[in-house]
Amino acid sequence: MRIILLGPPGAGKGTQAVMLSEHLKVAHISTGDILREELKKDSSLAKKARRFVESGGLVPDDIIIEVIKERISGLNDFLLDGFPRTIRQAQALDEALVNSRPIDLAIYLDASTPTIIQRLSGRRICSKCGANYHIKNMPPKAVGFCDKCGSILYQRPDDSEAPIKNRLAVYLKETASLIDYYQKQNKLLRISSDPDAGEVFKELIQALNSKVLK
Ligand code: AP5
């Protein structure tokens, strides 16, 4: 399948994407993860993208569209997490797939603002393998260290107060209109992501099965 995960920052896209891509055995492509890897390497992409990522703004469409085209080229199935984020990106994706298969489904993870703030401010990431934790909701076994590889956990610079505010504003201004875009294509599946991650995943699989089997 070719799936898009939509939703505000902190809705749980990355968390669900890891579980869903394993369940469906499809490639998980996260533009946020790709950009953070590039920033670590200080690559030429990082030089163009850093100020946008760190302030919670959007990397310009032309840059990110090229990144995605390259990543999906040759893949039969994929799960896109964090792309598209603007109407222009969605149109570019549709155009890029015109000679192959279109997107099957856009899953919209809907979370309330208090949930989003609580999740983003408590999120911790593994500095080596990128595994995702939350100090209260999904704590690691040893405080400050990754369960999977033992490396130190850190807080994303854009999970501080000013960038969080900016990311929420950018989401409402640029990204929320994609809900309507995919609704009009009859591809939207809306799931509340306020419950805990296991519950959301169960709901997601049930909804996915009934939508696909319909
Ligand atoms: P990106 O990394 O995509 O950030 P985001 O969309 O703001 O999403 P997040 O990663 O913050 O949240 P999430 O929904 O994945 O939640 P998560 O599962 O981690 O992008 C970062 C930046 O890159 C952007 O700001 C932009 O600058 C740039 N960028 C990326 N894509 C771009 C594009 N297409 N165009 C232009 N620029 C782009 O969960 C959050 C926390 O909550 C975690 O701690 C988790 O453990 C916890 N949690 C998750 N689910 C649950 C649950 N159900 N119950 C309890 N806790 C939960």
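In what follows, every heavy atom counts, from backbone to side chain, and hydrogens, waters and symmetry copies are set aside. Both ligands and their constituent atoms are indexed starting at 1 by order of listing.
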* Could you say whether the N/O atoms of F83 and ligand 1 ever approach to under 3.5 Å? => no
* Structure fact -> ligand 1 atoms nearer than 4.0 angstrom to some heavy atom of G12 are 13 (P), 14 (O), 16 (O), 17 (P), 18 (O), 39 (O), 49 (C), 50 (N)
* Rounded to the nearest 0.5 Å, what separation is found between the CD1 atom of I34 and the CG atom of L39? -> 12.0 Å
* Heavy-atom neighbours of I152 CD1 exceed 12 at 6.0 Å -> no
* For ligand 1, is there an atom lying under 4.0 Å from some heavy atom of R124? -> no
* So which heavy atom in the protein is nearest atom 49 (C) of ligand 1, and how far is it from that ligand atom? -> T15 OG1, 3.3 Å
* Starting from atom 43 (C) of ligand 1, find the nearest protein heavy-atom neighbour and note its residue, name and distance. => N132 OD1, 3.2 Å
* **Top protein contact for atom 40 (C) of ligand 1, by heavy-atom distance** => R123 NH1, 3.7 Å
* To do: With heavy atoms of Q89 as the reference, note each atom of ligand 1 found under 4.0 Å away.
  => 33 (C), 34 (N), 35 (N), 36 (C)
* Atoms of ligand 1 less than 4.0 Å from F52 heavy atoms? -> 27 (O)
* Does K41 pair with E37 as a salt bridge, N-O distance under 4.0 Å? -> no
* Criterion salt bridge (Lys or Arg N to Asp or Glu O under 4.0 Å) on D42 and K47, from CA distance to verdict -> CA-CA 7 Å; D42 202 24; K47 289 189 173 45; 3.5 Å; yes
* **Per-atom contacts of ligand 1 with R36, taking only distances under 4.0 Å to non-hydrogen atoms** => 2 (O), 21 (C)
* **Interatomic distance, I125 atom CD1 to R36 atom CZ [nearest 0.5 angstrom]** => 6.0 Å
* Structure fact -> among protein heavy atoms, the one nearest atom 22 (C) of ligand 1 is V53 CG1, 4.1 Å
* Structure fact -> Out of N137, L120, L39, D194, the nearest non-hydrogen contact to atom 56 (N) of ligand 1 is supplied by N137
* For ligand 1, which atoms have a heavy atom of P195 less than 4.0 angstrom away? -> 52 (C), 53 (N), 54 (N)
* **Side chain, backbone, both or neither: the part of K13 lying under 4.0 Å from ligand 1 by heavy atom** => both
* Structure fact -> Of all protein heavy atoms, the one nearest atom 54 (N) of ligand 1 is R119 NH2, 3.2 Å
* Rounded distance [0.5 Å steps], OG in S55 versus CZ in R50 -> 12.0 Å
* To do: For the residue pair L58 and I64, establish whether any side-chain heavy-atom pair is separated by less than 4.5 Å.
  => no
* **Full working for side-chain hydrogen bond (donor to acceptor under 3.5 Å, both in side chains) between E174 and T86** => CA-CA 5 Å; E174 303 283 353; T86 64; 5.8 Å; no
* For atom 7 (O) of ligand 1, grab the closest protein heavy atom and report residue, atom and distance to one decimal in Å. => R167 NH2, 2.8 Å
* Asked: Counting heavy atoms only, which part of P60 comes closer than 4.0 Å to ligand 1: side chain, backbone, both or neither?
  -> neither
* Distance-minimising heavy-atom pair for N137 and R119 -> ND2-CG, 3.9 Å
* To do: Mind checking whether L58 contacts ligand 1 via backbone (N, CA, C, O), side chain (CB onward), both or neither, at a 4.0 Å heavy-atom cut-off?
  => both
* Asked: Should V200 be counted as touching ligand 1, given the test is an N or O pair under 3.5 Å?
  -> no
* Asked: Looking only at heavy atoms, which two atoms of S121 and Q155 are closest? And how far apart?
  -> O-NE2, 3.2 Å
* Asked: So how far is it from K202 NZ to E199 CD, rounded to the nearest 0.5 Å?
  -> 4.5 Å
* K184, NZ: over 12 other non-hydrogen atoms inside 6.0 angstrom -> no
* Do the charged groups of R101 and D77 touch, with an N to O distance under 4.0 Å? -> yes
* ligand 1 atoms in contact with Y133 (distance to a heavy atom under 4.0 Å) -> 43 (C), 44 (O), 46 (O)
* Closest contact, heavy atoms only, A207 versus I191 -> CB-CD1, 3.8 Å
* Asked: At a 4.0 Å cut-off, with the gap strictly under it, does some heavy atom of G122 reach an atom of ligand 1?
  -> no
* To do: Answer yes or no for G7: is there a heavy-atom contact with ligand 1 below 4.0 Å?
  => no
* To do: Check whether any side-chain heavy atom of Y108 lies under 4.5 Å from a side-chain heavy atom of Q183, and answer yes or no.
  => no
* With heavy atoms only and a cut-off of under 4.0 Å, state how R156 meets ligand 1: side chain, backbone, both or neither. => side chain
* Structure fact -> One finds that the ligand 1 atoms under 4.0 Å from a non-hydrogen atom of M138 are 46 (O), 48 (N), 49 (C), 50 (N), 51 (C), 56 (N), 57 (C)
* To do: Quick one: look up the protein heavy atom nearest atom 23 (O) of ligand 1 and list residue, atom name and how far away it is.
  => L35 CD1, 3.6 Å
* To do: Take H134 and T15, measure what side chain to side chain contact (heavy atoms under 4.5 Å, CB included) needs, and give me the verdict at the end.
  => CA-CA 11 Å; H134 188 281; T15 303; over 6 Å; no
* Asked: What are the atoms of ligand 1, with element, lying closer than 4.0 Å to any heavy atom of G14?
  -> 13 (P), 15 (O), 18 (O)
* Asked: Starting from atom 5 (P) of ligand 1, which protein heavy atom do you reach first, and at what distance in Å?
  -> R85 NH2, 3.2 Å
* Structure fact -> Under 4.0 Å between heavy atoms, the region of V59 that gets near ligand 1 turns out to be both
